[in-house]
Structures are given as C-alpha cells and as structure tokens.
Protein chains: 2
Amino acid sequence: MSKARSYKQACNIALALDLIGERWTLLIIRELILGPKRFGDLLPHLQGMGTNLLTTRLKELETHAVIEKQPCSPNSRRMQYKLTPLGEGLENVLRELIRWGIQLPQSPPSPDSLYQPEWDLVAIKLLYKREKAPKLEGTVLIKSVESSIYAIIAKDGLQLDISTTHTHDATIEGNRDSFEKLFKGKSSLNQLISQNSLKISGNTSLARKWASCFS
Amino acid sequence: MSKARSYKQACNIALALDLIGERWTLLIIRELILGPKRFGDLLPHLQGMGTNLLTTRLKELETHAVIEKQPCSPNSRRMQYKLTPLGEGLENVLRELIRWGIQLPQSPPSPDSLYQPEWDLVAIKLLYKREKAPKLEGTVLIKSVESSIYAIIAKDGLQLDISTTHTHDATIEGNRDSFEKLFKGKSSLNQLISQNSLKISGNTSLARKWASCFS
DNA sequence: CGGAATCCTCTTCGATACTG
DNA sequence: CAGTATCGAAGAGGATTCCG
C-alpha cells in the first residue's frame, strides 16, 4: 500500500504539498485540465515516468479524491481519469505556476525537450479572464501553421479543442510566437495586428473582445 | 555539482516545477516569505530534512536567482537567505496552495505533526487583500492565549511580527480557532463578535476595515 | 490493448557524525 | 553555528511480464 510520505506539519501549504507536491503529480493534473484522459493518453505526455509510478500516483490522487476513475462511456470497461471538483480547484495553483514560469529567464529550448500543443491550450484556458467580458459567447479559431485551435467561449469558461473541427465566428491567424505574446499578456491584439504579426477575420468585434481577456 | 533533475518539457508549468517542484523547496520559500532567515533558523522548521539536503536546495535556489545569500549586517560574516524579486513572485503560488489546502478534508491534527505560529502569519499575510481597503494604515494587535501578533498595515502589504512589541491602534482578541475562521474567510468579524468568539477594542473602525480584507 | 505487478539499477532522501 | 561527509533506506526510472 502507498503510505504517502508526509511532511507532518500543521500548515496548509505543507498539507497541500502532501497531496500534490510529489514528483509528476501536478503534471498529471495539468493533463486532466482539458478533460478526462485514459492511462495510455497520459503516459506519452509524461515521458520518463514509469507505468508503475503513474499507477501509484493515480491511486494516491484517487484515494484523496483529487481525481476519479470512471468508465469512458456508461457500459464500457475502458477507464478514464477525471478531475473531481477538488481537483479542479488546482487550476488556481497551476495558473500561478504558469504565470511564474512565464517570467522565468527563458532557457534556450533544448532539443531533447518534449513539446505538446495541448500544454498551450492549458495555458490559454487558465490565463483567460472571463470576468473581463462576462457575456461574450461564440467560437474563435486560432490558426497557425502548426495548429488549428478552436476556442469555444461559454458561460463556465473557455473550452478548447485542437482535435476536432468546429464552426467558428471569427479567426485569428498568425505564428505561435505572436499568439504566445497575446495570451501571456505581453502584447495586445492591436499591437500585434499593427505589426502584421496577427490577422483577424470574421466577427472581428468578437475576436477583439475575446483577445482583450488576456491582458 | 547539482545537476538538477528536469522534466524536460517545453511547458511553463514543468519549467516552474523544475525549479521549485522538488521536495522541501516550496517550504523553504514559505519560511522566507516573512523575511530573511539563517540556515539555523530554517532547519527546525523543516524537521526531517537533512542538513546536506537543505544546503543542496539553497544552492539550487541561489543559482536560479530565486533566493540570495547575503551578510546579516554589512560587515558581518554571518549569512542569511532572502527571496529575490523572482522568489517573491512565488507568493502567488503559495497563496493558491494555502487556499486549496484550507478546503481540504481536515485530517485530525496528528500529535506528531509540527506546528509553528509563523505559518499562520504567512497565511495571514498572503490571504490579506489590500485592494479591499487600499488606503488603510495602522497597526492591529491580534491577541490570543498562544500569541501576540502585530499586523502593521502598510502601502506595500501587510507586515507581521510576532517577536517584538509594537504600539498598536486596535486590538482583536480571541482564540486561534476564531482567528482562523476570520483569516480564511469562513466567518466575518461581525459574526464572530456576535458569537462572543472575538472582541475588539481601540480603533474599532480600523479593526473592522482591516478584518473585512480577508473575506 | 490497457494497465497492473515484478525486478533490477540508479538516484535521492534522511539521519547522524564530523569539521572549520 | 554553518555547513560537509557518510551510509543505509526509500523512491524513481526503465524494461519486461502477466492478466483481463
């Protein structure tokens, strides 16, 4: 049985870290931010982690009600892992980690480091401030050479999809770098448009309002 | 030399965790939130951590410019560790960890778990929302049987002191439990006063305004 | 195929003893 | 007091196997 090493401190920080402070754990949470995933989907995004260790971590998280294991569909025997409401609360922790990570001296992107476009989606989702345009609704296509991301603006936040095509109201087009600047609040949409870095089409008003939610 | 194990992922979360995700690291940051500390001050608050490991962690943090080592006083040979501006940015991460930790199913306080009053001060400092009363200034004494904490309200946030006596404008008195409810936003000052759990004196208006910054 | 269990090696941790 | 050295214990990483 996993006896879960603990700091044994009567402190909320230490308490939290007892549950999600171990190696790999927060990266597992990151993987589940965009929705439920299966064991086999998690593994390739966690290169270097053994299958046994992933099993252990998933069990720990499950016993602490941070995630839950459920059938992919009602009568299926295939299982998927999903954040519980408690686990979703970790969005706030991840958001601040992203913010802190952004301002870090950027090490030159080492060639042996893994990259998954979904990680950008996680950042976009978490950095989006719906309160800046609470009533906004619609779908924006974020198009670059590398990927086509559909951002579906809904009442309960931003839903992001990279794998399926959706009908969309507006399009923002450009390269990854410019989008990064936009989403991370380093440049405004107007700045990037006037620099010819980004281009908008369709419902441009929607696109503008949506983009203003990142600054 | 410390070769600092890395996740090797082009993701801001993973990048951040490469620096501050290892065991004990965030607890060291917690210790430095209230101000600089010496090696010997850190150790007893990190029970179970070997001295060698603390040395290693401090060096890692120093090379990544999260903390810096400096003389206690200009010409002293005694050294202390202090957060850099980059390190101070981790306040946001710690704040969210505290918030998440608070809503965790409270395990019965195990007898072998360590408790340090300073950890409460860290929580108070980080949960205080100055923007709720931006112009407030003064000193509030938070008095319980266990401790006398001076909260000095300043422009750049809350300064907290448990070791020295200060002149104060207002006093809030009660037991630790009630204070916890107040600071963690679970109860309002008015509620706690009407329950006879807390008592205020001195500049009660200041005390009320200050207390409202936690809800 | 998904994922749990087993082994084995290597690294990190934890605790204590030691040194400038 | 501030760290270094050491060593057994625990955990991580990788490959492989087993089972439904």
When the distance from CZ of A/R23 to C1' of D/dG13 is rounded to whole Å, what number comes out?
9 Å
May I ask you to evaluate whether A/K69 reaches the phosphate of C/dA4, defined as a side-chain N or O under 4.0 Å from OP1 or OP2?
yes
For a quick check under 3.5 Å, do A/E31 and A/W119 share a side-chain donor-acceptor pair by atom type?
yes
B/Q80 and B/P71: which non-hydrogen atoms are nearest, and at how many Å?
NE2-O, 3.9 Å
From CG of A/L43 over to P of C/dA4, roughly how many Å is that when rounded to an integer?
11 Å
For B/L54 and D/dA5, give me the distance from atom CG to atom P, rounded to whole Å.
16 Å
Grab the CG-C1' distance between A/L27 and D/dG13 for me, whole Å please.
16 Å
What's the closest nucleotide to the side chain of B/R5 if the choices are D/dG13, D/dG3, C/dG2?
D/dG13
NZ/NE/NH1/NH2 to OD/OE distance under 4.0 Å, B/E96 and B/R99:
yes
Touch check for B/R57, heavy atoms < 4.0 angstrom, all strands: base, sugar-phosphate only, or nothing?
sugar-phosphate
Just the rounded figure in Å: distance from C1' of C/dG2 to CD of A/Q70.
17 Å
Closest heavy-atom pair, A/A14 versus B/R30, reported as atoms and distance to 0.1 Å, is CB-NH1, 4.2 Å
Output yes when a side-chain donor or acceptor of A/S113 lies under 3.5 Å from a complementary backbone atom of B/Q9, and no otherwise.
no
It should be established whether A/Y81 places a side-chain nitrogen or oxygen under 4.0 Å from OP1 or OP2 of nucleotide C/dG2.
no
Look at the side chain of B/T51 and decide which nucleotide, out of D/dA5, D/dA12, C/dA5, has an atom nearest to it.
D/dA5
Could you tell me if B/N175 and B/S178 have a donor-acceptor pair between their side chains, going purely by distance under 3.5 Å?
yes
From the candidates D/dG13, D/dA2, D/dA5, the one with an atom nearest any side-chain atom of A/W24 is D/dG13
N/O donor-acceptor pair under 3.5 Å between B/K143 side chain and B/E173 backbone
no
To the nearest angstrom, the CD-P distance between B/E22 and D/dG11 comes to 16 Å
Rounded to whole angstrom units, what separation is found between the NZ atom of B/K37 and the P atom of D/dA2?
13 Å
Think B/K59 has a side-chain N or O under 4.0 angstrom from the OP1 or OP2 of D/dA2?
no
Would the base of D/dG3 count as contacting B/N52 through its side chain, where contact means a donor and an acceptor less than 3.5 Å apart?
no
Donor-acceptor pair (no angle test) under 3.5 Å: B/T55 side chain, D/dA2 base:
no
Closest nucleotide among C/dC13, C/dG3, D/dG3 to the B/L53 side chain
C/dC13
According to a 3.5 Å limit on both distances, what stems of 3 or more consecutive Watson-Crick or G-U pairs are formed with DNA chain C?
C:2-19 with D:2-19
Categorize B/R78 for me: base, sugar-phosphate, or nothing, with a 4.0 angstrom heavy-atom threshold over every strand shown.
nothing
For D/dC1, take OP1 and OP2 only and decide whether either is under 4.0 Å from a side-chain N or O of B/R77.
no
Can you check the B/M79 CE to D/dA2 P distance for me, whole Å?
11 Å
Go through the side-chain N and O atoms of A/Y115 and A/D120 and say whether any donor and acceptor fall under 3.5 Å apart.
yes
Nearest to side-chain heavy atoms of A/F39, which nucleotide of C/dG3, D/dG3, C/dA4
C/dG3
Walking DNA chain C from its 5' end, the first of A/D41 and B/Q47 to be reached, judged by nearest nucleotide, is A/D41
